[in-house]
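Data first, discussion second: the structure below is written as structure tokens.
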Amino acid sequence: MASLNLGYWVQSYSMSNQVSSISKSFPLLRSLPFNPLTTQSSSTLKKVNFTSLPSITSVLTKEDIVKEEEQDPQKSSFDFNSYMLQKASAVNQALESAVSLRDPVKIHEAMRYSLLAGGKRVRPVLCLAACALVGGRESMAMPTACAVEMIHTMSLIHDDLPCMDNDDLRRGKPTNHKVFGEDIAVLAGDALLAFAFEHIAVSTVGVPPSRIVRAVGELAKAIGGEGLVAGQVVDIISEGLTDVGLDHLEFIHVHKTAALLEAAVVLGAIVGGGCDEEVEKLRKFARCIGLLFQVVDDILDVTKSSKELGKTAGKDLVADKVTYPKLMGIQKSKEFAEKLKTDAIELLQGFDPAKAAPLIALANYIAYRQN
């Protein structure tokens with residue numbers, strides 16, 4: 001996965017008009033090259049203005065969304081809740097079948113403990129929705145969707161370890177190492193990572209081998225030294241730094257969080273038979289919602305309780321991590337999230353509206369989620 005072209009963000013957010021509700025401009029990102037290992041001063045960043053950006057005062061509640069849908073019949077024509085329940089159920093059944101309880105029992109218990117612990121299944125559903133958008137069948141993308149969720153679960157198991165974020169709670173349950181010990185937790189993550197690629201290669205049917213190989217390469221790049229791992233490393237070495245700019249923060253989250261969300265969408269388009277133009281358009285869409293996911297996550301970390309989140313709240317503040325609210329303030333972070341959501345939805349123009357509806361709804365869900 002190519003790293004985000006930061007110049008794209010500057011260009012897309014540089015507007016000539018300014019909304020009266022926003023009195024200050026955002027200091028946004030400079031063009032590449034960017035060395036993530038060198039701290040950058042936010043004072044050196046270019047300042048650009050948003051336009052046509054609605055001012056929002058909070059992460060919207062479910063009641064807000066209902067009112068919004070009532071005012072716009074088109075928004076309520078797609079039953080997002082039913083869609084998510086149906087797709088998540090299908091993914092859960094596929095995961096249950098893929099990672100069965102077998103010898104050695106201990107490692108498979110640990111793998112299943114975290115993999116089947118619930119969760120919103122946003123990444124696999126994105127994969128299935130992208131596949132359908134380009135004309136593919138759900139069965140073509142299900143092994144890949146499951147593989148993405150296996151890798152996401154691996155990242156959570158490892159992220160919670162004492163040597164990383166040292167977290168005791170995940171999805172409302174004790175973290176994997178608290179139940180099985182650090183050694184088994186590390187190995188459970190390793191096993192899920194390896195099996196994810198095996199599952200794509202062995203279980204994918206109805207897809208040309210060339211597309212399967214392309215999907216495997218895309219996923220490997222998204223989670224390696226140019227993707228998830230890169231973001232995680234820069235996140236770790238940035239803890240406690242006092243002079244970190246938005247370009248540095250965006251590098252972390254485009255890689256640590258957005259890379260796997262991007263991969264989920266791109267892989268769905270690849271195995272579904274999308275042309276190169278469709279794949280790349282969906283890549284840009286996924287980069288927007290991937291970054292959006294992290295901006296909202298940062299906001300929720302400082303505005304919600306551990307009970308509401310199902311994980312430890314306020315841990316970024318305790319660890320002195322660089323976050324969007326820390327650099328921009330909560331209000332500007334919310335406005336930035338709204339802009340990312342709007343841009344993501346605009347990138348779906350040109351696709352069949354009915355087939356694009358799930359991805360539009362998912363973008364809204366990511367923007368307005370409460371945990």
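Values reported hereafter were calculated over all heavy atoms of this structure, with side chains retained and with hydrogens, waters and symmetry mates removed. Position 1 is the first residue of the sequence, and the numbers go up from there.
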How would you list, by chain and number, every residue that makes a ring-ring contact (aromatic ring centres under 6.0 Å, His included) with His253, sequence neighbours excluded? Tyr324
Listed partners of His199 passing ring-ring contact (aromatic ring centres under 6.0 Å, His included), at least two apart: Phe195
Please identify each residue that fulfils side-chain contact (heavy atoms from CB on, under 4.5 Å) with [X], with sequence neighbours left out.
X      : value
Asp190 : His158, Val186, Leu187
Pro104 : Ile107, His108
Leu85  : none
Ala361 : Phe78, Phe80

Salt-bridged, Arg287 to Glu262, with N to O below 4.0 Å? yes
Side chains of residues 175-183: which donor-acceptor pairs under 3.5 Å do they make with residues two or more places apart or in other chains?
{"unit_1": "Thr175", "atom_1": "OG1", "unit_2": "Asp167", "atom_2": "O", "d": "2.8"}
{"unit_1": "Asn176", "atom_1": "ND2", "unit_2": "Ala110", "atom_2": "O", "d": "3.0"}
{"unit_1": "Asn176", "atom_1": "ND2", "unit_2": "Ser114", "atom_2": "OG", "d": "2.8"}

Is the shortest side-chain heavy-atom distance between [X] and [Y] below 4.5 Å?
X      : Y      : result
Asp343 : Lys284 : no
Asp297 : Arg369 : yes
Lys256 : Phe251 : no
Thr323 : Val302 : no

Quick one: [atom1] on [X] to [atom2] on [Y], what's the gap to the nearest 0.5 Å?
X      : Y      : atom1 : atom2 : value
Leu300 : Gln370 : CG    : CD    : 6.5 Å
Asp165 : Asp159 : CG    : CG    : 4.0 Å
Ile223 : Ile151 : CD1   : CD1   : 4.0 Å
His255 : Glu226 : NE2   : CD    : 8.0 Å
Thr342 : Asn364 : OG1   : CG    : 9.0 Å
Thr257 : Ile289 : OG1   : CD1   : 12.5 Å

Does the side chain of Tyr113 pick up a donor-acceptor pair with the side chain of Lys173 at under 3.5 Å? no
Say whether Gln294 and Asp298, considering side chains only, have a donor N or O and an acceptor N or O under 3.5 Å apart.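 A donor-acceptor contact under 3.5 Å links the two side chains.
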Side-chain donor-acceptor pairs under 3.5 Å in residues 346-357, sequence neighbours left out?
{"unit_1": "Asp352", "atom_1": "OD1", "unit_2": "Ala354", "atom_2": "N", "d": "2.9"}

Which residues, ordered by chain and number, are linked to Leu101 in its hydrophobic cluster, where ILVMFWY side chains connect at heavy-atom gaps below 4.5 Å, directly or through other members? Val105
Linking Ile, Leu, Val, Met, Phe, Trp and Tyr by side-chain heavy atoms under 4.5 Å, what else ends up with Val279?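 So far as hydrophobic clustering goes, Val279 is joined with Val266, Ile270.
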Report the C-alpha distance between Arg211 and Thr204 in whole Å, list the side-chain angles of each, state the deciding distance to 0.1 Å, and finish with yes or no for side-chain contact (heavy atoms from CB on, under 4.5 Å). CA-CA 10 Å; Arg211 287 191 171 272; Thr204 303; over 6 Å; no
Salt bridge (charged side-chain N to carboxylate O under 4.0 Å, His left out) involving Lys281 - partner list, sequence neighbours excluded: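 Residues passing salt bridge (charged side-chain N to carboxylate O under 4.0 Å, His left out) with Lys281: none at all.
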Met84 vs Leu362, side-chain contact (heavy atoms from CB on, under 4.5 Å): CA-CA, chis, key distance, verdict: CA-CA 9 Å; Met84 285 298 293; Leu362 278 160; 3.7 Å; yes
Might you work through the side-chain contact (heavy atoms from CB on, under 4.5 Å) test for Leu115 and Met150, ending with a clear yes or no? CA-CA 7 Å; Leu115 185 63; Met150 292 173 196; 4.1 Å; yes
Determine yes or no for a side-chain-to-main-chain donor-acceptor pair under 3.5 angstrom, with [X] supplying the side chain and [Y] the backbone.
X      : Y      : answer
Asn92  : Ala88  : yes
His152 : Val148 : no
Ser97  : Gln93  : no

Could you tabulate the donor-acceptor pairs under 3.5 Å formed by side-chain atoms of residues 271-278, not counting sequence neighbours?
{"unit_1": "Asp276", "atom_1": "OD1", "unit_2": "Arg214", "atom_2": "NH1", "d": "3.4"}
{"unit_1": "Glu278", "atom_1": "OE1", "unit_2": "Cys275", "atom_2": "N", "d": "3.0"}

